[in-house]
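A quick write-up on the structure given underneath.
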Amino acid sequence: MARNKVSVIGAGNVGATTAQRIAEAGLADVVLVDIVEGLPQGKGLDLAEAAPIVGHDAHVVGSNDYDDTAGSDIVVVTSGLARQPGMSRDDLMAKNAGIVRSVVREAAQRSPDSVLIVVTNPLDAMCHVAFDASGFPRERVLGMAGVLDSARFRTFIAQELGVSVVDTHAFVLGGHGDTMVPLSRYSTVADVPITELLSPKRVRALEERTANGGAEVVALLKTGSAFYAPAASTFEMVDAILRDRQRVLPCAVLLQGEFGLRDLFVGVPAVLGRGGLERVFEIELTPDERAAFERSAAAVRDLVERLAALPA
Ligand SMILES: NC(=O)c1ccc[n+]([C@@H]2O[C@H](COP(=O)([O-])OP(=O)(O)OC[C@H]3O[C@@H](n4cnc5c(N)ncnc54)[C@H](O)[C@@H]3O)[C@@H](O)[C@H]2O)c1
């Protein structure tokens, strides 16, 4: 049986680390693509040379040519620019929209049956760009954010309580970043909701730290943004899809009436399997949770409308 094939577009920090995880797990052959000549080839060769030591048989190659991505089962999109000094959020959004639109067009036509996983920020808006550029059904366009946001929440809960992250679960809804909605009622340690283990003040502090999780790492690194946890999160989605695991993971998906929303990519619990999004895992929300979710969705809608108003 042929091995699975994953193309990772963007051979920067998130892309190369995602490629490493996929290859080292022996999950799929990986094609790393970037616009910079030599960069994906160099990283691809370096990763291939680690294989004898790590002991996996996955092939890793780098390329500047989308023909090498043909027939991929999954295409991960991490290509984009980071915000430069003096660049507004809208400037960044316009630039990254242009990049995501062009790479998705190139990759989608060569892998028409693939599942797209979008990582480039601003995440929810870039999912809309990828959805439009690919022409794929919503089942095959997913955004990575919720897995990362909930991993950060789990980390902070486990640290606060001095328990293993393995026994700590967290539930996050909504857009990526500031407006995400951590559902503390469904966030647990050994099945006990954290609202029964921590004071409301501490719960709020952990929620806020989670919502600012990306900024906290940027402030420390100064010259880049987080990539180990984002790559691990992307890998978890790739694994769930390729192994048809039916995992319930928080992902940005195009809602079609679920949670009372339509035609908007927002983070919700999604069942992931070989077809990509197998179904949205709907849950009841309390009035407060619903209000926070709707605020988050409104922020995403605002972003998408601003994107539509920008010159193409
Ligand atoms: N969704 C999330 O939770 C999450 C988490 C972390 C990072 N991100 C986002 O992921 C993206 C990548 O982050 P990074 O740290 O890897 O950045 P990076 O700068 O290290 O890598 C980006 C790569 O994209 C490449 N690129 C630019 N234009 C291209 C094009 N037209 N075609 C192909 N490649 C192109 C660049 O050459 C670079 O190698 C950023 O937009 C970042 O904000 C999202």
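In what follows, residues are counted from 1 in the order of the sequence shown. Start at 1 and go down the list; that is how both ligands and their atoms are numbered. Computation of the quantities below employed the complete heavy-atom set of this structure, encompassing side-chain atoms and omitting hydrogens, waters and symmetry-equivalent molecules.
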Can you sort out which atoms of ligand 1 are near Ile99, meaning under 4.0 Å from one of its heavy atoms? 28 (N), 29 (C), 30 (C), 31 (N)
Could you identify the single nearest non-hydrogen protein atom to atom 19 (O) of ligand 1 and state the distance to 0.1 Å? Gly80 O, 4.4 Å
Residue pair Ala107 / Thr69: nearest heavy atoms and the distance that separates them: CA-OG1, 4.5 Å
So, for Ala19 and Leu47, which heavy atoms are closest and what is the spacing to 0.1 Å? CB-CD1, 4.0 Å
Please name the pair of heavy atoms, one in Thr120 and one in Gly80, separated by the smallest distance, quoted to 0.1 Å. CG2-CA, 4.1 Å
Is the ring pair Phe293/Phe259 parallel, tilted or perpendicular, if the boundaries are 30 and 60 degrees? tilted
Checking heavy atoms under 4.0 Å, the part of Met144 that sits near ligand 1 is both
Do ligand 1 and Val33 have nitrogen or oxygen atoms that lie under 3.5 Å from each other? no
Contact partition for Leu39 relative to ligand 1, non-hydrogen atoms under 4.0 Å: side chain
Report the nearest protein non-hydrogen atom to atom 44 (C) of ligand 1: residue, atom name, distance rounded to 0.1 Å. Val119 O, 2.9 Å
Which of the atoms of ligand 1 are close to Pro230, meaning less than 4.0 Å from one of its heavy atoms? 5 (C), 6 (C)
With no hydrogens and no angle check, is any side-chain donor or acceptor of Asp73 less than 3.5 Å from a backbone partner on Leu242? no
Between Phe131 and Phe136, does the ring centre distance come in under 6.0 Å? no
Taking both backbone and side-chain atoms of His176, is any N or O found less than 3.5 Å from an N or O belonging to ligand 1? yes
At a non-hydrogen distance cut-off of under 4.0 Å, which region of Thr120 contacts ligand 1 (side chain, backbone, both, or neither)? both
Element-labelled atoms of ligand 1 that are located less than 4.0 Å from some non-hydrogen atom of Leu148: 3 (O), 5 (C)
Pick from Thr234, Leu32, Asp34: the one approaching atom 37 (O) of ligand 1 most closely through a non-hydrogen atom: Asp34
Can you give me the closest heavy-atom contact between Leu81 and Asn96, atom names plus distance? N-OD1, 2.7 Å
Determine whether the side chains of His176 and Asp124 contain a donor N or O and an acceptor N or O closer than 3.5 Å. no
Number the atoms of ligand 1 from 1 as they appear, then name those within less than 4.0 Å of a heavy atom of Val36, with their elements. 37 (O)
Between Leu272 and Glu278, which heavy-atom pair has the shortest distance, and what is it? C-CG, 4.0 Å
Closest protein heavy atom (residue, atom, distance) for atom 21 (O) of ligand 1: Gly12 CA, 3.2 Å
At a non-hydrogen distance cut-off of under 4.0 Å, which region of Ile35 contacts ligand 1 (side chain, backbone, both, or neither)? both
For atom 13 (O) of ligand 1, is some protein heavy-atom partner under 4.0 Å away? yes
Pick, from Val14, Ile9, Leu92, the option with the minimum heavy-atom distance to atom 7 (C) of ligand 1. Val14
heavy-atom search around atom 17 (O) of ligand 1 in the protein gives Asn13 N, 4.5 Å
For Leu123, counting its heavy atoms only, list the atoms of ligand 1 lying under 4.0 Å from any of them. 1 (N)
Backbone, side chain, both or neither: what part of Asn121 comes under 4.0 angstrom of ligand 1, heavy atoms only? both
Which pairs, with at least one residue in residues 33-51 and sequence neighbours excluded, count as a salt bridge (Lys or Arg N to Asp or Glu O under 4.0 Å)? none
Going by the closest heavy atom to atom 26 (N) of ligand 1, which one wins out of Ala226, Pro122, Gly15, Ser79? Ser79
For atom 11 (C) of ligand 1, what is the nearest protein heavy atom, given as residue, atom name and distance? Thr78 O, 3.4 Å
Side-chain donor-acceptor contact under 3.5 Å, Ser63 with Gln41: no
Does Val300 form a side chain to side chain contact (heavy atoms under 4.5 Å, CB included) with Leu264? I'd like the steps, not just the answer. CA-CA 8 Å; Val300 175; Leu264 197 65; 4.0 Å; yes
Examine Arg110 relative to Tyr66 and say whether NZ or CZ is less than 6.0 Å from the centre of the six-membered ring and inside a 45° cone about the ring axis. no
What residue and atom, counting heavy atoms only, is the protein's closest point to atom 32 (N) of ligand 1, and at what distance? Val103 CG1, 3.5 Å
